[in-house]
Amino acid sequence: MYFFARRTSVDEMGYAMSRLEAESELCDGGNTIPEPGSSKRASNSLFKLDHEIAQVTKLKSSPHKQLAELVPGMHKSSVSTVKMLVGREANYSARGRFSAADRCHMLSRYLPVNGPWLVDQMSTRAYVSQFSADGSLFVAGFQGSYIRIYNVEKGWKVQKNILAKSLRWTVTDTSLSPDQRHLVYASMSPIVHIVDAGSAETESLANVTEFHDGLDFSSSGDGGYSFGIFSVKFSTDGRELVAGSNDDSIYVYDLEQNKLSLRILAHTSDVNTVCFADESGHLIFSGSDDNLCKIPIPRLHDIGLSTVAAWHEKDFFMAFQYLCETEFIKDLEKNACTWCSCYDINSFFAVKALAGSVAVEFVWDRRCFIAKGKPAGVLSGHLEGITFIDSHGDGRYFISNGKDQTIKLWDIRKMAPNATSYSGLRNYEWDYRWMDYPYEARDLKHPCDQSVATYKGHSVLRTLIRCYFSPAYSTGQKYIYTGSHDSCVYIYDLVTGELVALLQHHKSPVRDCSWHPYYPMLVSSSWDGDVVKWEFPGNGEAQVPSTKKRIRRRQFY
């Protein structure tokens, strides 16, 4: 299913999304003023997503049925803000407050399209920009060795100005720990550095004012080969780091033991992106220049062995028999397992259980359970490399940005055990780092595309441009947004595929952008050095001038 976005000017869209439809609906007897362009785009939509996620999204952002009901049996898809407030005061929902879906229905119509307002301006490219989980902090990473942590609640004051150590090429990624006490940053090096983000020191110069501990992701088997890390993420418990590198591998680092615990040769090309599927941390998604998304299974010692621990008062062998009968272990003798390559933290599994007062421990070679390096499932559909993956947070859906100039929505229940070969359709030579996407390739489709939906309109060139789901709290994740090589930020409707907003300000590629988890605020960062914020409504500050000198450089990655 493909969605094609129509370009709309930011002035037009900013006006459209800033209208309080509630007031006009109240005055016009329930007939809302159509947003310029939006109603036409909806009527001309090529497809409408017919999948479970569409229903889930609607449930998460639909108003209470009594508020949406026009006449018995007929409901409106959109209810004005005034009517929502009146309904809350009248206690239509019998809860005395808005439900989460009511809240999303109100907030999701007010997109952060006004502005932009300048957050920071550097003389070097911005590569990374992300809000913390609670939105109180914002992290931006630049090519010129600088990483800045801003305190959003204190007027975007620079809380930590970090001068990176041993930087190669650029800051490729950063990740803030769940407790916001530590920040890790990666570059084209096997060393990931960790910084105390919560210290009182504002200026953090590596090993001068503060110590930047180096976490070595290389192993003895590398033979001295130096590789770079494109993506690094904290686990949800803050105990581990997972990283993707340009040596086709996924790495897991144990922070408690301060050592590399696993390397998996996961793909046949650069691993550009990795992320956790949900809060449990059991599932990991990875994307690569081999055009494939791969999904490992829940780690055995995190799921299967937790069952053993729960049975500590029973006979251990009963627990062991349970494990053998589950889908994790299909055939011990043949070393076969339908669910394979969980990218586990350890090369071996240590099983501990208590039978009465006796502790029993088994050490299992991973190869007894899993064909090492083989993923549990593979999703095919992109025609070119994958630059970024973002999870829906439910362990089921995720989106990926691809060098084939598309975003794809995936359901892991559609994954295949093996990759679908794709070589017959491509008859062109192309490198996204310095070439435009071939015209003849724009309408090509993978013959075995397993994605749920495809979104087109933005441009993925020169760098690993990122895409995300909009926040669950304020929008119910009903939008997908992405940076773009054409210097804009695109916001798509997940269900209809329509382009609902196009943010134009930057003069160079927008590599990263981040939507505040609770407020209608979005921050974009670009290779022009600008980090700017977009809001609804405006904050009264002076906007950034529309004309500024373009930064030109020849080197790309």
Side-chain angles (χ1 to χ4, degrees), residues 3 5-19 35-38 41 107-121 125-131 138 140 152 156 388 390 399 401 405 407 455-463 465-471 474-475 477-494 497-517 519-539 541-548 550:
F3 296 127
R6 184 179 73 84
R7 294 288 293 263
T8 305
S9 72
V10 68
D11 294 334
E12 172 189 334
M13 187 55 62
Y15 170 78
M17 303 311 292
S18 65
R19 294 296 303 273
E35 298 173 355
S38 63
R41 288 195 308 276
L107 294 178
S108 63
R109 71 181 65 187
Y110 303 124
L111 299 182
V113 296
N114 291 357
W117 289 267
L118 188 66
V119 172
D120 207 345
Q121 189 174 53
R125 295 170 175 170
Y127 269 74
V128 181
S129 57
Q130 283 297 298
F131 280 105
F138 183 82
V152 178
W156 294 85
F388 197 74
D390 185 47
I399 55 174
N401 225 353
Q405 317 304 301
I407 293 175
Y455 307 83
K456 286 187 173 184
H458 62 293
S459 176
V460 184
L461 297 169
R462 307 297 185 267
T463 186
I465 291 172
R466 301 180 169 192
C467 64
Y468 303 92
F469 288 101
S470 62
S474 58
T475 70
Q477 297 178 297
K478 67 182 296 183
Y479 303 115
I480 293 172
Y481 65 103
T482 179
S484 179
H485 170 256
D486 63 7
S487 311
C488 301
V489 176
Y490 286 70
I491 304 178
Y492 300 102
D493 187 292
L494 183 145
E498 299 293 341
L499 178 65
V500 297
L502 180 70
L503 311 184
Q504 295 174 309
H505 159 74
H506 296 285
K507 305 301 181 183
S508 293
V510 178
R511 188 179 192 270
D512 204 359
C513 47
S514 184
W515 197 317
H516 194 284
Y519 302 127
M521 176 193 298
L522 186 146
V523 177
S524 58
S525 60
S526 167
W527 276 12
D528 61 13
D530 279 5
V531 179
V532 299
K533 61 178 178 177
W534 308 79
E535 295 182 316
F536 182 94
N539 58 14
E541 300 175 4
Q543 296 186 16
V544 182
S546 58
T547 59
K548 69 186 295 292
R550 182 189 298 266

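Note that the structure is predicted; figures quoted are calculated from it, not measured.
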query: Do Arg466 and Val128 come within less than 4.5 Å of each other through their side chains, counting heavy atoms only?
result: yes
statement: Applying ring-ring contact (aromatic ring centres under 6.0 Å, His included) to Tyr468 and not counting sequence neighbours gives Phe388, Tyr481
- prompt: Is there side-chain contact between Ile465 and His485, with at least one heavy-atom pair below 4.5 Å?
  reply: yes
query: Once you round to the nearest 0.5 Å, how far does CG of Leu522 lie from OG of Ser514?
result: 7.0 Å
Residue pair Ser459 / Gln405, side-chain heavy-atom distance below 4.5 Å: yes
- prompt: Salt bridge between Asp528 and Lys507, side-chain N to carboxylate O under 4.0 Å?
  reply: no
- prompt: Sequence neighbours excluded, which residues qualify as side-chain hydrogen bond (donor to acceptor under 3.5 Å, both in side chains) partners of Asp120?
  reply: Arg148, Tyr150
message: Give me the atom names and distance for the closest heavy-atom approach of Trp515 to Ser474.
response: NE1-OG, 4.5 Å
Under the ring-ring contact (aromatic ring centres under 6.0 Å, His included) test, residues paired with His516 that sit two or more places apart: Phe131, Tyr519
- request: List the atom of Arg511, the atom of Tyr127, and the distance in Å for their closest heavy-atom pair.
  value: NH1-O, 2.9 Å
- prompt: Say you draw a straight line from CG of Leu503 to CG of Leu111; how long is it, rounded to the nearest 0.5 Å?
  reply: 8.5 Å
- prompt: Is the shortest heavy-atom distance from the side chain of Trp527 to the side chain of Thr463 under 4.5 Å?
  reply: yes
Stepwise side-chain contact (heavy atoms from CB on, under 4.5 Å) check, Tyr492 with Leu494: CA-CA 6 Å; Tyr492 300 102; Leu494 183 145; over 6 Å; no
message: Run Leu107 and Phe536 through side-chain contact (heavy atoms from CB on, under 4.5 Å) and show every step you take.
response: CA-CA 10 Å; Leu107 294 178; Phe536 182 94; over 6 Å; no
task: Report yes if the side chains of His458 and Val489 come closer than 4.5 Å at any heavy-atom pair, otherwise no.
output: no
- prompt: What's the spacing between Ser524 OG and Gln504 CD if we round to 0.5 Å?
  reply: 12.0 Å
message: Pair His506, Val532 - check side-chain contact (heavy atoms from CB on, under 4.5 Å), show working.
response: CA-CA 9 Å; His506 296 285; Val532 299; 3.6 Å; yes
Phe469 to Asp390 - nearest heavy-atom pair and separation: N-OD2, 2.9 Å
- request: Find the distance between CE (Met521) and CH2 (Trp117) and round it off to the nearest 0.5 Å.
  value: 10.0 Å
- request: Verify the distance criterion only: is there a donor paired with an acceptor across the side chains of Asp530 and His505 at less than 3.5 Å?
  value: yes
- request: Measure the CD1-CD1 distance between Ile399 and Ile480 for me, rounded to the nearest 0.5 Å.
  value: 4.5 Å
Contact summary for Phe138 and Val523, nearest pair of heavy atoms: CZ-CG1, 3.3 Å
query: Are Cys467 and Ile407 close enough, and set up right, to give a side-chain contact (heavy atoms from CB on, under 4.5 Å), and what steps lead you there?
result: CA-CA 8 Å; Cys467 64; Ile407 293 175; 3.8 Å; yes
field: Asp486 versus Tyr490, side-chain donor and acceptor atoms under 3.5 Å
entry: yes
task: Write down the atom of Pro471, the atom of Pro517, and the distance for their closest heavy-atom approach.
output: CB-O, 3.6 Å
- prompt: Does any donor atom in the side chain of Thr475 or Ser108 lie under 3.5 Å from an acceptor atom in the other side chain?
  reply: no
query: How long is the span from the OG atom in Ser525 to the CG atom in Asp512, to the nearest 0.5 Å?
result: 5.0 Å
- request: Report yes or no: do Thr482 and Asn401 form a side-chain donor-acceptor pair below 3.5 Å?
  value: yes
task: Heavy atoms only: give me the nearest Pro509-Ser487 pair and the separation to one decimal.
output: N-OG, 4.1 Å
